[in-house]
Amino acid sequence: MKKLMFVSAMFVALGICFSVYAQSTVQSGKFQLTTKTAGYTLDKNEGDRAVSIEVDFNTPFDVRPKVILAVTQVDMDRNTNQRYNVEAISVSRDGFTVRVSTWGDSRIYGVAGYWIAHTED
């Protein structure tokens with residue numbers, strides 16, 4: 001009986017330890033691209049165009065995180081079609097790149113939003 005109680009107590013202790021160390025690591029921030037961003041061409045010409053900015057994490061992750069982007073503002077020409085794509089590329093433990101693209105006759109003057117990077121250890 002004592003062995004059974006000891007083994008049960010060990011499983012409970014191990015479960016608590018694993019749950020404490022298996023917590024998520026999360027960082028978040030904002031991004032913004034405008035006509036003042038270096039290399040910005042989303043408001044000019046026609047066809048495929050893209051612009052990117054680098055985001056560095058405050059503290060590097062232990063493993064490569066997953067990144068979620070949320071667009072909160074898009075400033076576009078009302079006389080053209082509204083086409084855009086926003087994605088996180090080149091994700092590493094140290095940071096990632098926000099890439100905004102458009103195509104056709106669309107003209108974008110600015111895009112802003114939030115990002116969340118998370119991982120489970």
Side-chain angles (χ1 to χ4, degrees):
M1 184 69 161
K2 288 183 182 181
K3 282 186 179 182
L4 180 60
M5 289 180 65
F6 177 74
V7 171
S8 298
M10 288 302 293
F11 278 118
V12 170
L14 285 173
I16 291 170
C17 288
F18 284 126
S19 67
V20 167
Y21 290 107
Q23 294 180 354
S24 295
T25 303
V26 178
Q27 294 185 46
S28 63
K30 297 179 182 181
F31 68 89
Q32 182 175 21
L33 295 99
T34 68
T35 55
K36 295 179 182 180
T37 302
Y40 196 91
T41 60
L42 302 180
D43 62 332
K44 297 174 179 46
N45 303 321
E46 291 187 3
D48 294 342
R49 290 155 283 146
V51 65
S52 301
I53 58 167
E54 299 289 324
V55 174
D56 295 321
F57 299 131
N58 291 333
T59 305
F61 285 88
D62 292 335
V63 296
R64 188 173 67 145
K66 295 179 181 176
V67 176
I68 302 167
L69 300 177
V71 176
T72 58
Q73 172 197 343
V74 180
D75 182 11
M76 302 184 81
D77 186 331
R78 67 179 179 169
N79 296 316
T80 62
N81 289 310
Q82 298 179 4
R83 304 178 190 101
Y84 65 95
N85 185 48
V86 179
E87 59 187 329
I89 61 172
S90 303
V91 178
S92 73
R93 296 178 322 120
D94 301 316
F96 65 98
T97 301
V98 176
R99 182 178 188 271
V100 179
S101 61
T102 191
W103 55 96
D105 65 345
S106 299
R107 298 201 190 290
I108 302 173
Y109 304 111
V111 177
Y114 292 94
W115 60 266
I116 297 173
H118 69 94
T119 184
E120 292 184 20
D121 296 335

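FYI, the numbering just counts along the sequence from 1.
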To check you understand the geometry: which heavy-atom pair defines the closest contact between [X] and [Y], and what is its length?
{"X": "Val51", "Y": "Gly39", "answer": "CG2-O, 4.0 Å"}
{"X": "Pro65", "Y": "Ser92", "answer": "CD-O, 3.4 Å"}
{"X": "Ser106", "Y": "Thr80", "answer": "CA-OG1, 3.7 Å"}
{"X": "Ala117", "Y": "Val67", "answer": "CB-CG2, 4.2 Å"}
{"X": "Arg64", "Y": "Arg93", "answer": "N-CG, 3.7 Å"}

Take atom CZ in Phe57; do more than 12 heavy atoms of anything else shown fall under 6.0 Å from it?
yes
Heavy-atom neighbours of Lys30 NZ exceed 12 at 6.0 Å:
no
Is there a donor-acceptor contact under 3.5 Å from the side chain of [X] to the main chain of [Y]?
{"X": "Arg107", "Y": "Asn81", "answer": "no"}
{"X": "Ser90", "Y": "Thr97", "answer": "no"}
{"X": "Gln27", "Y": "Asn58", "answer": "yes"}
{"X": "Arg83", "Y": "Thr102", "answer": "no"}

Test salt bridge (charged side-chain N to carboxylate O under 4.0 Å, His left out) applied to Glu87 - qualifying residues, sequence neighbours left out:
Arg99
Could you give the distance from [atom1] ([X]) to [atom2] ([Y]), rounded to the nearest 0.5 Å?
{"X": "Leu33", "Y": "Ile53", "atom1": "CG", "atom2": "CD1", "answer": "4.0 Å"}
{"X": "Thr35", "Y": "Tyr109", "atom1": "OG1", "atom2": "OH", "answer": "9.5 Å"}
{"X": "Ile108", "Y": "Arg49", "atom1": "CD1", "atom2": "CZ", "answer": "7.5 Å"}
{"X": "Thr59", "Y": "Asp94", "atom1": "OG1", "atom2": "CG", "answer": "10.5 Å"}

If the plane angle is over 60° it's perpendicular, under 30° parallel, otherwise tilted; pick one for Phe96 and Trp115.
perpendicular
Working for side-chain contact (heavy atoms from CB on, under 4.5 Å), residues Ile68 and His118:
CA-CA 9 Å; Ile68 302 167; His118 69 94; 4.0 Å; yes
4.5 Å side-chain heavy-atom contact, Val98 and Val86
yes
Could you check whether any side-chain heavy atom of Leu42 comes within less than 4.5 Å of a side-chain heavy atom of Tyr84, counting everything from C-beta outward?
no
I'd like to know if Val91 and Val71 are part of one continuous hydrophobic network [Ile/Leu/Val/Met/Phe/Trp/Tyr, side-chain heavy atoms within less than 4.5 Å].
yes
